[in-house]
Protein chains: 2
Amino acid sequence: MTLAQRKPSSSQPATLSERLLDQLQDAIVEGDIASGEKLREPELAKRFGTSRGPLRDALRRLEARRLVTTTPNAGARVVALSNEQLIELFEVREGLEGMTARLAATSMTDQQLEDLEELLMLHAREVGRKKGREYFRQHGDLDFHFRIADACGNELLRHAVCVDHYQLMRMYRFKHSARKGRPHRALREHRRILEALQDRDGELAEILMRRHIRASRDAFETQLHEEALG
Amino acid sequence: MTLAQRKPSSSQPATLSERLLDQLQDAIVEGDIASGEKLREPELAKRFGTSRGPLRDALRRLEARRLVTTTPNAGARVVALSNEQLIELFEVREGLEGMTARLAATSMTDQQLEDLEELLMLHAREVGRKKGREYFRQHGDLDFHFRIADACGNELLRHAVCVDHYQLMRMYRFKHSARKGRPHRALREHRRILEALQDRDGELAEILMRRHIRASRDAFETQLHEEALG
DNA sequence: ACCCCGAATATTGTCGACAAAACGGCCTCT
DNA sequence: AGAGGCCGTTTTGTCGACAATATTCGGGGT
């Protein structure tokens, strides 16, 4: 089975509501709709050429993915994406993705491990070529963290990481470009995690994943500090 | 701002959709609607005396809480709640609640710690009186795990634990009554976690919480094994 | 000048009806 | 007898209109 067949995520949305979900999600994640902006149903419905029914459906799903917050009788807003919320996201990811790494060590197939190794080699070339700028913009199948969660063998966990919290993380990456030098370090940390997975050492894989996410968070906080100073 | 204002969770649902959410949730968690059952919109709308609009809204929210699964053009079903899925839930909880315990150690107020200690004393009396049967049926504010997540100071994490996964856990408790003796052990483990929190030792609190959840899981698996044998 | 209050407007919540898709039963053909 | 296709029924997806609630803007009072 090829990779394309295994994941029908790229298939066309069967329903209007799902297409709206994709479109709105991209618009929010990529910043076309500003962070914190009010989402008025009539306006959006007209803009996307549908009625309010499917639109409300899409908004509810976006709420599940943490991209909008809804208050009764007052409508929906794009999530704030404050620095505090991003720190919160790092903490959630540390708990969740630590566990994905632990489980992936025993549930990933040899083929999946080979594919993952190949991905890291691809990333190495990208980092070298583009000075590491675009490394963090990879998403979905091209994202190291996504791949591990996707193969951890626990559907509930996979959903929490790859659906519920993933788009928020992607949104963060769009707003904050990584600091110089961080991509190289991140790549080294990814390699070490891969080695632990190849050794089928779940305990170590979890420790390394958690340290890796903490390092990302530290880099983010350092960046904030530098920006605050000048 | 007082605590009562901060948490209007006990307030009446402002909208029909929210009331439906509560009613359906209870019906599913308490077993009135069987696990795996098909949820037909016209039937449910008639049963609860509303139209299909708010009902669909409620179903979407239940999907976010893992209580129903929806497939396009094929409708919604109550979650399966197989033994495998329950194991998955234990694994998610270990990652998530481990982190809540770590954070709670630094973010809980002295008052909250006192309240938590009081709760455990209440639980001790309950376990002694009712032979521990009802201990695991406590929920919401009366649940030790819920309280810790609620006070961990990370809203994203709190939501993941207390909203997204909590009802599924409650559903498990309704179906599988705890083994004899487990409540006493669980209570002891809860006390140790509380001690770590009182010491403001986040690292230890996380370790103890994870071991506690793993112990619950082990008890569950043992129970399964015994049932399988006879 | 500031605050409070009320009407006008805009937005959300709810409903019933229509269109499209899936499901089920029946018949035919091999 | 079993498999496969056809047709009626049921269920889901979508739409537009109405009701209820929030928001905004302007006026009056202190």
Side-chain angles (χ1 to χ4, degrees), chain A residues 8-9 11-25 27-28 32-80 163, chain B residues 1 5-6 8-25 27-28 33-80:
Chain A
S9 65
S11 70
Q12 297 299 352
T15 175
L16 240 178
S17 168
E18 291 187 339
R19 179 159 64 238
L20 274 179
L21 172 64
D22 290 352
Q23 291 181 3
L24 271 173
Q25 176 172 280
I28 290 174
D32 290 346
I33 302 178
S35 179
E37 189 167 325
K38 180 102 202 290
L39 296 169
R40 289 176 200 77
E41 291 173 8
E43 174 193 331
L44 289 175
K46 210 176 75 178
R47 172 170 164 185
F48 290 102
T50 71
S51 82
R52 281 175 52 216
L55 189 93
R56 283 173 72 87
D57 224 82
L59 287 179
R60 275 286 128 73
R61 301 202 207 202
L62 288 172
E63 194 177 6
R65 297 183 185 189
R66 276 75 169 150
L67 293 183
V68 311
T69 56
T70 305
T71 44
N73 290 317
R77 302 190 88 88
V78 177
V79 75
V163 180
Chain B
M1 160 190 319
Q5 286 172 334
R6 211 196 75 236
S9 66
S10 58
S11 69
Q12 298 298 356
T15 174
L16 240 177
S17 168
E18 291 187 338
R19 179 158 64 239
L20 274 178
L21 171 64
D22 289 352
Q23 290 180 359
L24 271 173
Q25 177 172 280
I28 291 174
I33 302 179
S35 178
E37 189 168 324
K38 181 99 201 291
L39 296 170
R40 290 177 200 76
E41 292 173 8
E43 176 193 331
L44 289 175
K46 209 176 75 179
R47 173 169 164 187
F48 290 101
T50 72
S51 81
R52 282 175 52 218
L55 189 94
R56 283 173 71 88
D57 225 81
L59 288 180
R60 276 286 128 72
R61 302 202 208 203
L62 287 172
E63 193 178 6
R65 297 183 185 189
R66 275 74 169 151
L67 292 183
V68 312
T69 56
T70 305
T71 44
N73 290 317
R77 302 192 88 88
V78 177
V79 75

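Computed over heavy atoms, backbone and side chain alike; hydrogens, waters and symmetry mates excluded. In what follows, every chain begins at residue 1, and chains take the letters A, B, ... in the order their sequences are listed.
Between A/L59 and A/E41, the shortest heavy-atom contact is CD1-CG, 4.1 Å.
We find the CD-CD1 distance between A/Q23 and A/I28 to be 12.0 Å, quoted to the nearest 0.5 Å.
In terms of modelled atom types and a separation under 3.5 Å, the side chain of A/R19 and the main chain of A/S17 share no donor-acceptor contact. Side chain of B/R77 to backbone of B/G36: a donor-acceptor contact under 3.5 angstrom is found. When atom types are taken as modelled, the side chain of B/S35 and the backbone of B/A80 share a donor-acceptor pair closer than 3.5 angstrom.
Note on B/R52: every side-chain N or O is 4.0 Å or more away from OP1 and OP2 of D/dT12. Phosphate contact (OP1/OP2 of C/dT14, side-chain N/O of B/T15, threshold under 4.0 Å): present. Close to C/dT14, at under 4.0 Å from its OP1 or OP2, lies no side-chain N or O of B/S17.
Less than 4.0 Å separates DNA chain C from no heavy atom of any residue of residues 33-43 of chain B.
Side chains of B/R61 and B/Q25 form no contact here, defined as non-hydrogen atoms less than 4.5 Å apart.
Spacing between atom NZ of A/K46 and atom P of C/dT11 amounts to 11 Å, rounded to whole angstrom units. Rounded to an integer number of Å, the gap from A/L55 CG to C/dT12 P is 9 Å. For the pair B/N73 CG and D/dG13 P, the interatomic distance rounds to 5 Å; values are reported in whole Å. One can place CG of A/L59 at 14 Å from C1' of C/dG13, the figure rounded to the nearest angstrom. A/R19 places its CZ atom 12 Å from the C1' atom of D/dT14, with the value rounded to the nearest Å.
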